[in-house]
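Below: the structure, in structure tokens.
In what follows, every chain begins at residue 1, and chains take the letters A, B, ... in the order their sequences are listed. Everything numeric here is computed off the predicted structure, so don't read it as measured data.
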Number of protein chains: 2
Amino acid sequence: MADKEISQAVIGRLPRYFRYLGDLKEKGVERISSQELSDIMKVTASQIRQDFNNFGGFGQQGYGYNVNYLYDEISKILGIDKQHSLVIIGAGHLGKAIAGYTNFTRRGFVFKGAFDCNPELYGTKIRDVEVRPVDEMEEFVKKNQIEIAVLTIPKEQAVPMAHKLAECGIKAIWNFAHVDLEVPNNIQVENVHLSDSLMKLSYNINRYENT
Amino acid sequence: MADKEISQAVIGRLPRYFRYLGDLKEKGVERISSQELSDIMKVTASQIRQDFNNFGGFGQQGYGYNVNYLYDEISKILGIDKQHSLVIIGAGHLGKAIAGYTNFTRRGFVFKGAFDCNPELYGTKIRDVEVRPVDEMEEFVKKNQIEIAVLTIPKEQAVPMAHKLAECGIKAIWNFAHVDLEVPNNIQVENVHLSDSLMKLSYNINRYENT
DNA sequence: TTATAATTGAGAATTAATTAACAATTTAAG
DNA sequence: CTTAAATTGTTAATTAATTCTCAATTATAA
């Protein structure tokens with residue numbers, strides 16, 4: 001498809017729309033106007049309409065948006081109408097936290113394997129998945145055509161690991177290591193740099209105190 | 001101070017500069033030009049200079065930037081030259097992962113307390129800190145003048161907890177619950193919405209495949 | 001059936017962010 | 001000491017993002 005490129009600013013807002021629409025759906029709300037949604041979400045109605053229009057417009061003049069339809073359309077755009085297989089590399093607390101987060105399962109992310117380099121963890125289970133030696137990762141990923149690798153390992157190990165992952169055909173890396181990975185551009189990387197986030201918080205504490 | 005407001009776009013880039021400068025410092029690099037930094041970080045030299053200029057400019061024409069000085073200045077801007085006390089509310093895997101992340105300690109974030117509502121966890125230790133019943137949180141936060149609360153609890157509990165925290169004088173909330181908190185604006189909130197991040201990744205996988 | 005109110009989609013206007021350009025300054029070499 | 005090269009800080013230009021406006025459309029009430 002020769003769609004025009006959608007800005008990451010817009011993409012970054014979609015999950016939040018999705019979350020609010022899910023809440024509305026649960027409450028049994030059938031339709032909503034950009035203005036009502038604006039009031040709830042504290043963003044401008046104009047931005048809401050502009051954002052949805054990037055994808056062709058899901059509303060109807062004089063009516064607003066159908067909550068269920070809009071919800072489904074956004075889930076398609078985000079690609080969470082399909083299943084995605086994932087493995088977790090690094091079976092520490094963070095890896096376990098992520099594996100155990102049932103919300104991901106609900107969104108179609110299927111936890112298929114866990115790897116670590118600590119022999120004490122081999123054979124232990126996270127949910128119903130056995131932790132394996134990290135040497136077995138490549139074969140496992142290839143054989144099971146895993147799409148996403150979650151990197152919850154120290155930054156020194158993350159860079160060579162990303163290389164290996166690239167070689168065995170991974171599609172995407174969800175990177176929790178505090179380092180920028182360099183991978184070929186057919187591989188999608190999403191970074192979660194927790195310390196960056198904490199520093200922003202620190203900045204804002206500081207800023208407020210000096211005002 | 002009547003500083004002009006710095007955009008969050010700029011603030012969001014500071015931790016990354018800080019990280020790269022830390023690496024350079026460790027390597028013993030003493031000076032660096034915006035062009036060299038640009039090559040390493042893959043952002044434009046112009047943006048680097050513009051960003052630093054928001055704070056008055058830390059460089060010298062014909063010389064560039066002194067790595068140590070720049071590092072220290074950014075750490076002051078981010079407020080990580082001072083210590084910040086924090087408590088973790090929710091002693092599950094995610095809470096433990098964060099408590100155990102030694103990098104935070106290195107940046108002056110001091111882990112002072114952990115709370116949970118699961119009686120089985122009472123008295124168990126995370127690092128050298130005992131997990132206490134969540135009912136004791138308010139008293140503890142007041143008494144010890146805790147600045148930051150890390151919320152690693154389910155979203156249903158997060159909203160009332162944020163209210164309680166507001167009442168006992170917390171300065172900031174680092175929120176991992178998948179909900180938008182409403183607190184008075186003297187309290188800083190930084191959200192880490194992991195599922196939003198994963199959905200962005202999913203979008204980008206999708207986009208690449210349909211190109 | 002008609003008129004009125006509601007509401008989107010789309011284009012225009014505005015504001016914000018990024019990049020380019022270059023004078024002023026400093027370093028460093030001859 | 002003089003000159004050439006390097007490099008910032010700053011202003012201008014450009015691009016991107018957001019907000020405003022309103023014609024076109026639909027729902028709803030009379």
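Geometrically, B:R31 engages B:Y63 in a cation-pi contact defined by less than 6.0 Å to the ring centre and at most 45° from the axis.
Atom CG of A:N66 and atom P of C:dT8 are 13 Å apart (whole Å). Taking atom CZ on A:F55 and atom C1' on C:dT8, their separation rounds to 17 Å, with Å as the unit. Between the OH atom of A:Y69 and the P atom of C:dT8 there is a distance of 15 Å, given to the nearest Å. For A:E36 and C:dT7, the CD to P distance is 6 Å, given to the nearest whole Å. Atom C1' of nucleotide D:dA17 and atom CG of A:N54 are separated by 11 Å, given to the nearest angstrom.
For A:R31 and D:dT28, the shortest distance from a side-chain N or O to OP1 or OP2 is below 4.0 Å.
Here the closest non-hydrogen pair linking A:L181 and A:L151 is CD1-CD1, 4.0 Å. Nearest heavy-atom pair, B:F140 versus B:K112, reported as atom, atom and distance to 0.1 Å: CZ-O, 3.4 Å.
Residues satisfying the side chain to side chain contact (heavy atoms under 4.5 Å, CB included) test with A:S7, not counting sequence neighbours, are A:A9, A:V10.
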- [ ] Using a 4.0 Å cut-off on protein heavy atoms (strictly under), produce a 5'-to-3' string for nucleotides 9-19 of chain C with B for base contact, S for backbone-only sugar-phosphate contact, and - for none.
- [x] BSBB----SSB

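Within 6.0 Å of CD in A:E209 there are more than 12 heavy atoms belonging to other residues, nucleotides or ligands. Within 6.0 Å of atom CD in A:E30, 12 or fewer heavy atoms from other residues, nucleotides or ligands are found, so the atom counts as exposed in its surroundings.
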